[in-house]
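Inspection log for the structure reproduced underneath, given as structure tokens.
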Amino acid sequence: MISQYSGVPGGSEKALADMRASGVSREILEDAAYKMALHDITEFSHPGSMLPALYAEFGKKVMPVRF
């Protein structure tokens, strides 16, 4: 539903209006936004804890640094 507004000027406002017209309440939207933010925080912070070990094991074998 929302993807049809991607790249459309004013698309976010149109998407919000359509969701509200279909019965999606403010509470549901806020809950979805909270869950997405929590997901993003988890997704973006987790790699920082494992990337150094992955690079130590595979980095120079797979992607040698050349300048």
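In this structure, Leu29 is not a member of the same hydrophobic cluster as Met36, with clusters built from ILVMFWY side-chain heavy atoms closer than 4.5 Å.
Side-chain contact between Val24 and Leu16 is absent, with no heavy atoms from C-beta onward closer than 4.5 Å.
In this structure, NE2 in His39 is found 4.0 Å from CD in Glu43, a value given to the nearest 0.5 Å.
Residues Met19 and Ser22 approach most closely at O-OG, 2.8 Å, considering heavy atoms.
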